[in-house]
Amino acid sequence: MSSKNPTGRGSKLKDQIPQLQAGDKILVGANDSDIIIPIMGPTGVGKSTFINTAVGRNVMAVGDSLESCTTNIQYAIVSHPRDASRRVVFVDTPSFDNTSVDDFEILRRIALWLAHSYSSQMKLAGVIYLHEISQSRMFGTSRKSLTMFRRLCGDNALKKVIIATTKWSEVGEKVGIHREDELMSTFWREMIGQGSRMARFQDTHNSAWDIVDLMVPSDSLPLQIQTEVVDHGKSIHETDAGHTLRPIQNTTAQPF
């Protein structure tokens with residue numbers, strides 16, 4: 001397998017990989033046909049629930065409080081139910097509003113996981129970003145999570161992003177549709193303009209796989225932070241996400 005960095009660019013990655021958190025599971029032995037999909041979003045949005053529902057069994061721990069349950073990067077591999085020849089790799093990521101881990105540490109671990117996969121020629125099919133439709137306002141933590149997510153992806157990769165709303169059972173349909181429309185016209189407008197697509201996760205197996213099938217694996221693009229760390233040899237601090245990781249001054253919840 002050829003190296004992405006024949007000139008030595010990205011050599012910092014080799015020094016940083018040993019710094020990965022012990023509990024973070026690096027994907028090894030990936031196949032060229034694998035559909036690799038990180039699942040991201042704020043605490044409590046349902047990332048682990050999405051993966052468990054798609055896989056059909058409890059492979060990820062699910063939290064039942066405001067405290068973050070996912071503190072390590074984990075993955076689950078399952079055969080695609082509509083194409084048994086393809087494997088889907090769901091990557092469960094910790095949130096930036098994690099209650100027990102510093103935000104920069106979360107960024108470092110996610111960035112190194114993504115950089116390692118990119119350096120190892122593992123292509124992402126895309127990224128699923130989850131948001132609770134049951135939230136009546138866009139709170140500071142949700143806004144921070146979205147901002148960091150965009151910096152991780154970069155504008156070029158936004159066409160590979162699916163924004164999936166969750167917890168529709170906790171809100172009336174009319175209210176949910178109204179919030180969805182408001183989000184599309186405000187906080188998500190630029191992302192949608194760059195090619196991101198919307199979907200609804202209805203807490204069912206079929207709903208989860210309908211979202212997965214919006215991905216086009218053959219048309220994969222690296223995320224910005226992957227090229228920054230691997231191709232350009234930047235440290236995590238030097239990346240766009242690293243530069244923007246600072247307290248957000250206005251944390252007032254914005255209504256929909």
Side-chain angles (χ1 to χ4, degrees), residues 4 27 30-42 45-47 50-51 54 75 80 82-83 86-93 95-96 107 110-111 113-133 138 142-166 180-201 207-232 234 239-244:
K4 284 184 180 292
L27 178 61
N31 301 325
D32 291 340
S33 60
D34 283 348
I35 302 172
I36 304 175
I37 306 174
I39 313 296
M40 298 187 179
V45 73
K47 298 187 293 290
F50 180 92
I51 295 173
Y75 63 86
H80 195 300
R82 299 162 192 168
D83 182 0
R86 302 294 298 275
R87 301 194 314 174
V88 176
V89 182
F90 293 108
V91 184
D92 194 7
T93 63
S95 306
F96 283 105
L107 171 62
I110 292 176
W113 197 99
L114 291 170
H116 182 273
S117 65
Y118 179 59
S119 181
S120 301
Q121 312 289 320
M122 300 177 193
K123 298 179 180 179
L124 302 183
V127 186
I128 296 174
Y129 184 84
L130 301 182
H131 176 85
E132 291 182 60
I133 201 64
M138 192 72 160
S142 296
R143 293 168 62 199
K144 179 176 69 175
S145 177
L146 185 64
T147 297
M148 290 304 302
F149 176 73
R150 289 194 59 180
R151 296 296 184 267
L152 282 168
C153 292
D155 288 344
N156 289 338
L158 288 178
K159 65 185 71 175
K160 302 301 296 179
V161 169
I162 305 298
I163 306 171
T165 47
T166 64
E180 190 178 53
D181 289 342
E182 289 290 320
L183 286 163
M184 291 173 63
S185 64
T186 54
F187 296 102
W188 299 340
R189 179 169 56 86
E190 292 183 3
M191 294 178 64
I192 293 172
Q194 295 282 353
S196 298
R197 287 168 290 171
M198 295 281 301
R200 297 177 186 175
F201 175 49
S207 172
W209 285 101
D210 285 344
I211 294 172
V212 171
D213 286 344
L214 292 173
M215 305 287 183
V216 183
S218 60
D219 187 31
S220 62
L221 286 172
L223 304 186
Q224 177 171 292
I225 201 161
Q226 291 178 303
T227 59
E228 286 179 310
V229 174
V230 178
D231 294 338
H232 303 298
K234 292 183 178 182
T239 64
D240 190 24
H243 279 305
T244 57

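Numbering starts at 1 and runs along the sequence shown. Computation of the quantities below employed the complete heavy-atom set of this structure, encompassing side-chain atoms and omitting hydrogens, waters and symmetry-equivalent molecules.
Heavy atoms only, all atoms of each residue included: P42 and L130 are closest at CD-O, 3.5 Å. The two atoms that bring E228 and D240 nearest to each other are OE2-N, 3.0 Å, heavy atoms only. Across all their heavy atoms, I37 and V88 have their closest contact at CD1-CG1, 4.3 Å. Of all non-hydrogen atoms in A54 and W209, the two that sit nearest each other are O-NE1, 2.8 Å.
Pairs passing the side-chain hydrogen bond (donor to acceptor under 3.5 Å, both in side chains) check and including a residue from residues 187-199, sequence neighbours excluded, read R150-E190.
Side-chain contact between Y118 and T227 is present, with at least one heavy-atom pair separated by less than 4.5 Å. Annotation: side chain of M122 is not in contact with side chain of V89 (no heavy-atom distance under 4.5 Å). Under the 4.5 Å side-chain criterion, counting only non-hydrogen atoms from C-beta, L107 is in contact with L152. Contact of the V229 side chain with the L114 side chain is not registered, since no non-hydrogen atoms from C-beta on lie closer than 4.5 Å. Taking the side chain as every heavy atom from C-beta outward, V127 and K160 never approach each other to under 4.5 Å. Between H243 and R151 there is no side-chain heavy-atom pair separated by less than 4.5 Å. Put simply, the side chain of P38 does not reach to within 4.5 Å of the side chain of Y129, judged on heavy atoms. The closest side-chain heavy-atom distance from T93 to W113 is not below 4.5 Å.
A side-chain donor-acceptor contact under 3.5 Å links S185 to the backbone of D181. Side-chain atoms of T186 come within 3.5 Å of backbone N or O of E182 as a donor-acceptor pair. The closest donor-acceptor contact from the side chain of S120 to the backbone of S117 lies at 3.5 Å or more, if one exists at all. Panel note: side chain K47, backbone G41; a donor-acceptor pair is recorded below 3.5 Å. Side-chain atoms of T165 never come within 3.5 Å of backbone atoms of I133 as a donor-acceptor pair (strictly under, hydrogens ignored).
In this structure, OG on S95 lies 12.5 Å from CE on M148, to the nearest 0.5 angstrom. One finds the CD1 atom of I128 at 4.0 Å from the CE atom of M215 (value rounded to the nearest 0.5 Å). Taking CD from E180 and CE from M198, the interatomic distance works out to 4.5 Å, rounded to the nearest 0.5 Å. For the atom pair NZ (K159) and CG (L221), the distance works out to 6.0 Å, reported to the nearest 0.5 Å. Considering CG of N31 and CG of D34, their distance stands at 4.5 Å, rounded to 0.5 Å. Atom CZ of F201 and atom CD1 of I162 lie 14.5 Å apart (nearest 0.5 Å).
Scored by the side-chain contact (heavy atoms from CB on, under 4.5 Å) test, D83 finds H80, S85, R86 as partners (sequence neighbours excluded).
Partner of H131 under the side-chain contact (heavy atoms from CB on, under 4.5 Å) criterion, out of T166, L146, L183: L183 alone.
Taking the six-membered ring for Trp and thresholds of 30 and 60 degrees, F50 and F90 have ring planes more than 60 degrees apart, a perpendicular arrangement.
Using a 4.0 Å cut-off between a side-chain N of Lys or Arg and a carboxylate O of Asp or Glu, R200 and D210 do not qualify as a salt bridge.
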Next item on the list: Start with the C-alpha gap between L124 and S220, add the side-chain angles, then the distance that decides, and say whether side chain to side chain contact (heavy atoms under 4.5 Å, CB included) holds.
Entry: CA-CA 6 Å; L124 302 183; S220 62; 5.8 Å; no
